[in-house]
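Whatever order the structure lists ligands and atoms in, that order sets their numbers, starting from 1.
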Amino acid sequence: MIAIYPGSFDPITLGHLDIIKRGSRLFEGVIVAVLCNPSKQPLFDVEARTAQIRACTGHLSNIKVDSFLGLTVDYARLHHAQALLRGLRVLSDFEKELQMAHTNKTLMEELETVFLATSNEYSFLSSSVVKEIARFGGPIDHLVPENVAREIYRCYSKTPPTAITNPKPSALVTPPHKVEP
Ligand code: ADP
């Protein structure tokens with residue numbers, strides 16, 4: 001059975017990668033399909049995102065990386081996929097994902113959505129969290145593949161946090177105001 005794993009992947013995180021690896025053990029093939037969403041302003045364009053995913057999934061022989069524009073069900077039909085792979089982290093994901101799964105079912109009866117529960121260590125992890133940390137020069141190497149971390153820092157023109165000298169806590173404390181009698 002062929003599954004597609006659609007998403008924004010802006011950028012791919014270790015949480016996404018974990019779903020891809022586990023999906024590759026369940027399905028004959030998994031197509032990671034990067035969605036071009038003209039209404040969103042991404043950090044990386046679709047070409048950069050597909051290249052990043054290819055670079056960190058190259059060792060998995062049954063994974064293909066592609067991009068698409070339009071309905072996921074049309075893409076699934078075109079590629080003879082019978083399953084749609086999605087990840088679940090928290091309850092809010094579940095509501096959104098269930099609605100999407102039901103909608104897709106009305107559009108393509110034979111396409112089954114398969115949910116994989118996030119691995120515990122990635123349950124808090126999202127692309128937005130990574131971007132928020134990196135924007136302020138914080139560490140992200142434990143959250144995204146190495147190649148992706150480098151590109152994110154380049155994007156925000158930041159040096160990796162090891163090169164940043166933190167100000168001494170005392171420098172952050174304003175001395176109390178001297179109140180004149
Ligand atoms: P989308 O815009 O389609 O939600 P994302 O790139 O945010 O695209 O996510 C793609 C899929 O990966 C979604 O099913 C999402 O729930 C899942 N996902 C994202 N982060 C994680 C994570 N840390 N663990 C498990 N699944 C995740």
Side-chain angles (χ1 to χ4, degrees), residues 1-27 29-57 60 62-76 79 81-105 107-108 111-135 138-149 151-152 155:
M1 193 185 273
I2 300 293
I4 56 171
Y5 180 33
S8 311
F9 306 106
D10 184 40
I12 184 167
T13 68
L14 293 183
H16 291 127
L17 197 55
D18 177 60
I19 298 289
I20 295 172
K21 283 181 189 159
R22 287 159 60 202
S24 78
R25 292 197 289 264
L26 292 175
F27 297 100
V30 176
I31 307 173
V32 183
V34 181
L35 175 67
C36 309
N37 187 345
S39 63
K40 273 193 188 171
Q41 185 65 54
L43 179 63
F44 293 107
D45 62 24
V46 171
E47 289 73 28
R49 280 180 270 161
T50 48
Q52 288 164 353
I53 303 172
R54 273 196 196 109
C56 58
T57 57
L60 300 167
N62 61 345
I63 299 292
K64 265 184 24 183
V65 186
D66 194 12
S67 61
F68 75 107
L69 178 71
L71 291 177
T72 306
V73 290
D74 289 338
Y75 183 83
H79 292 270
Q82 299 98 327
L84 198 63
L85 181 61
R86 298 288 286 177
L88 285 179
R89 285 160 297 185
V90 287
L91 206 60
S92 53
D93 269 355
F94 182 76
E95 284 182 29
K96 194 183 69 171
E97 294 289 342
L98 195 65
Q99 185 186 25
M100 207 154 31
H102 285 152
T103 308
N104 283 330
K105 206 69 178 138
L107 300 174
M108 185 176 170
L111 186 69
E112 294 296 347
T113 302
V114 176
F115 297 111
L116 289 187
T118 179
S119 293
N120 231 350
E121 66 265 42
Y122 304 127
S123 58
F124 67 95
L125 184 53
S126 68
S127 302
S128 335
V129 160
V130 171
K131 287 183 274 193
E132 197 61 20
I133 300 172
R135 199 148 62 90
I140 53 168
D141 321 86
H142 57 307
L143 306 177
V144 293
E146 213 181 309
N147 61 313
V148 178
E151 287 187 39
I152 296 174
C155 243

Original post:
Do Arg89 and Ser126 meet the criterion of a side-chain donor-acceptor pair at a distance under 3.5 Å?
Top reply: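 No, no side-chain donor-acceptor contact under 3.5 Å.
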
Subject >> Pairwise distance CZ(Arg49) to SG(Cys36) - rounded to 0.5 angstrom >> reply: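 Answer for the CZ-SG pair, Arg49 versus Cys36, is 7.0 Å.
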
Subject >> Inter-residue atom distance Leu125.CG - Thr13.OG1, 0.5 Å rounding >> reply: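 Answer for the CG-OG1 pair, Leu125 versus Thr13, is 4.0 Å.
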
Subject >> ligand 1: protein residues within heavy-atom distance under 4.0 Å >> reply: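 For ligand 1, the residues that come within the 4.0 Å heavy-atom cutoff are Tyr5, Pro6, Gly7, Ser8, Phe9, Gly15, His16, Ile19, Lys40, Arg86, Gly87, Arg89, Asp93, Lys96, Glu97, Thr118, Tyr122, Leu125.
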
Original post:
Would one find more than 12 heavy atoms of other residues, nucleotides or ligands at under 6.0 Å from atom CZ of Phe94?
Top reply: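 No, the 6.0 Å shell around CZ holds no more than 12 heavy atoms from other groups.
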
**OP:** Considering only NZ, NE, NH1 and NH2 on the basic side and carboxylate oxygens on the acidic side, decide whether Asp10 and Lys131 come within less than 4.0 Å.
**Re:**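 A salt bridge is present here (some side-chain N lies under 4.0 Å from a carboxylate O).
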
**OP:** Check whether any side-chain heavy atom of Ile12 lies under 4.5 Å from a side-chain heavy atom of Ile20, and answer yes or no.
**Re:**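 In contact.
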
